[in-house]
Trainee: 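Take a look at this one; I'll ask things after.
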Amino acid sequence: QVQLVESGGGLVQAGDSLRLSCAASGRSFSTYSMGWFRQAPGKEREFVAAINWNGSGTRYADFVKGRFTVSRVNYETTVYLQMNNLEPEDTAVYYCAAAKISSVVVRAPQYDYWGQGTEVTVSS
């Protein structure tokens, strides 16, 4: 069993930056692919970014446009999402997820564990 706890969300202005963190429990963290998803009010959950087990592979949603960077520190059992140049459209609850697959995973159904989410609000 893996527990995921997100942090780092908040209220910021357009153009600002935030770094989200996802702390994982469990001994198998370094073997899992990790991902970030988000859900805006009234919308479905969507893929944001993912990283494979050792950080050598990453994938991003098109709307990221080079603004976000996903990374992980396995000995800290933590994955990060650095978000720069935030836009009001980035307002959402951001979720961290873990998949018992070593390669990069972009589809939500392939993830096995989910955090509770951290809220990001970007004002214009």
Side-chain angles (χ1 to χ4, degrees):
Q1 187 73 16
V2 173
Q3 291 186 327
L4 304 173
V5 179
E6 303 95 334
S7 62
L11 172 62
V12 297
Q13 294 185 331
D16 286 350
S17 298
L18 277 176
R19 188 176 79 157
L20 305 183
S21 300
C22 173
S25 66
R27 299 179 179 178
S28 301
F29 174 82
S30 62
T31 66
Y32 293 163
S33 173
M34 300 296 295
W36 288 96
F37 290 76
R38 71 184 188 184
Q39 187 166 18
K43 296 187 177 181
E44 294 186 351
R45 189 173 298 190
E46 63 180 351
F47 169 75
V48 176
I51 187 166
N52 70 340
W53 71 281
N54 66 356
S56 64
T58 57
R59 289 279 300 275
Y60 296 94
D62 290 343
F63 61 75
V64 167
K65 302 174 187 175
R67 301 179 296 130
F68 295 1
T69 302
V70 61
S71 61
R72 66 189 297 162
V73 180
N74 281 349
Y75 72 86
E76 294 180 349
T77 64
T78 301
V79 63
Y80 300 98
L81 184 68
Q82 177 67 42
M83 305 188 295
N84 299 327
N85 194 21
L86 283 161
E87 304 169 351
E89 293 74 21
D90 296 317
T91 294
V93 177
Y94 284 72
Y95 298 90
C96 170
K100 292 187 282 188
I101 302 173
S102 60
S103 58
V104 177
V105 177
V106 299
R107 295 180 61 249
Q110 292 183 284
Y111 281 89
D112 300 285
Y113 306 102
W114 292 83
Q116 294 300 307
T118 185
E119 189 167 1
V120 172
T121 303
V122 184
S123 64
S124 58

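Computed over heavy atoms, backbone and side chain alike; hydrogens, waters and symmetry mates excluded. Being a predicted model, the structure only gives us computed values, none of them experimental.
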Trainee: Which atoms form the tightest heavy-atom contact between L81 and A49, and what is the distance?
Mentor: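 Residues L81 and A49, closest heavy atoms: CD1-CB, 4.1 Å.
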Trainee: Under 6.0 Å from the six-membered ring centre of F29 and within 45° of its axis: does the NZ or CZ of R72 meet both?
Mentor: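 Flagged: R72 positioned over aromatic ring of F29.
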Trainee: Show every ring-ring contact (aromatic ring centres under 6.0 Å, His included) that has at least one partner inside residues 50-105, sequence neighbours left out.
Mentor: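 Not a single pair qualifies under ring-ring contact (aromatic ring centres under 6.0 Å, His included).
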Trainee: Give a yes or no on whether V48 and M83 share a hydrophobic cluster (residues Ile, Leu, Val, Met, Phe, Trp, Tyr; joining criterion: side-chain heavy atoms under 4.5 Å apart).
Mentor: yes
Trainee: Spell out, yes or no, whether Y32 and V70 are grouped together once hydrophobic residues are joined by side-chain heavy atoms under 4.5 Å, including indirect joins.
Mentor: yes
Trainee: Grab the two heavy atoms, one from S71 and one from V79, that are nearest each other, plus how far apart they are.
Mentor: O-CG2, 3.0 Å
Trainee: With sequence neighbours left out, write down each residue that passes side chain to side chain donor-acceptor pair (under 3.5 Å) with S56, or none if nothing qualifies.
Mentor: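 So S56 forms a side chain to side chain donor-acceptor pair (under 3.5 Å) with N52, N54.
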Trainee: Any donor-acceptor pair under 3.5 Å linking the side chain of T69 with the backbone of Q82?
Mentor: no
Trainee: With the 4.5 Å side-chain cut-off for hydrophobic clustering, are L86 and V64 part of the same group?
Mentor: yes
Trainee: Please report the interatomic distance CE(M34) to OG1(T78), rounded to the nearest 0.5 Å.
Mentor: 9.0 Å
Trainee: Does anything in residues 99-121 pair up under side chain to side chain donor-acceptor pair (under 3.5 Å), and if so which pairs, sequence neighbours excluded?
Mentor: none
Trainee: Quick one: which residue pairs count as a side chain to side chain donor-acceptor pair (under 3.5 Å) with a foot in residues 3-17, not counting sequence neighbours?
Mentor: S17-N84
Trainee: Would you give the length of the straight line joining atom CD of Q1 to atom OG of S28, rounded to the nearest 0.5 angstrom?
Mentor: 11.5 Å
Trainee: Does anything in residues 21-45 form a salt bridge (Lys or Arg N to Asp or Glu O under 4.0 Å)? List the pairs, not counting sequence neighbours.
Mentor: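 Qualifying pairs, neighbours excluded: R38-E46, R38-D90.
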Trainee: Between I51 and L20, is there a shared hydrophobic cluster once you connect ILVMFWY residues whose side-chain heavy atoms come closer than 4.5 Å?
Mentor: yes
Trainee: Taking ring-ring contact (aromatic ring centres under 6.0 Å, His included) as the definition, give me every residue that meets it alongside F47, ordered by chain and number, with sequence neighbours left out.
Mentor: F37
Trainee: Which heavy-atom pair separates V2 from A24 by the least distance, and what is that distance?
Mentor: CG1-CB, 4.4 Å
Trainee: Which heavy atom of P88 sits nearest to which heavy atom of S124, and what is that distance?
Mentor: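 Minimum heavy-atom contact is CG-CB, 3.8 Å.
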Trainee: Can you confirm whether more than 12 heavy atoms, excluding those of R67, are under 6.0 Å from its CZ atom?
Mentor: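 For R67, atom CZ is crowded (more than 12 foreign heavy atoms under 6.0 Å).
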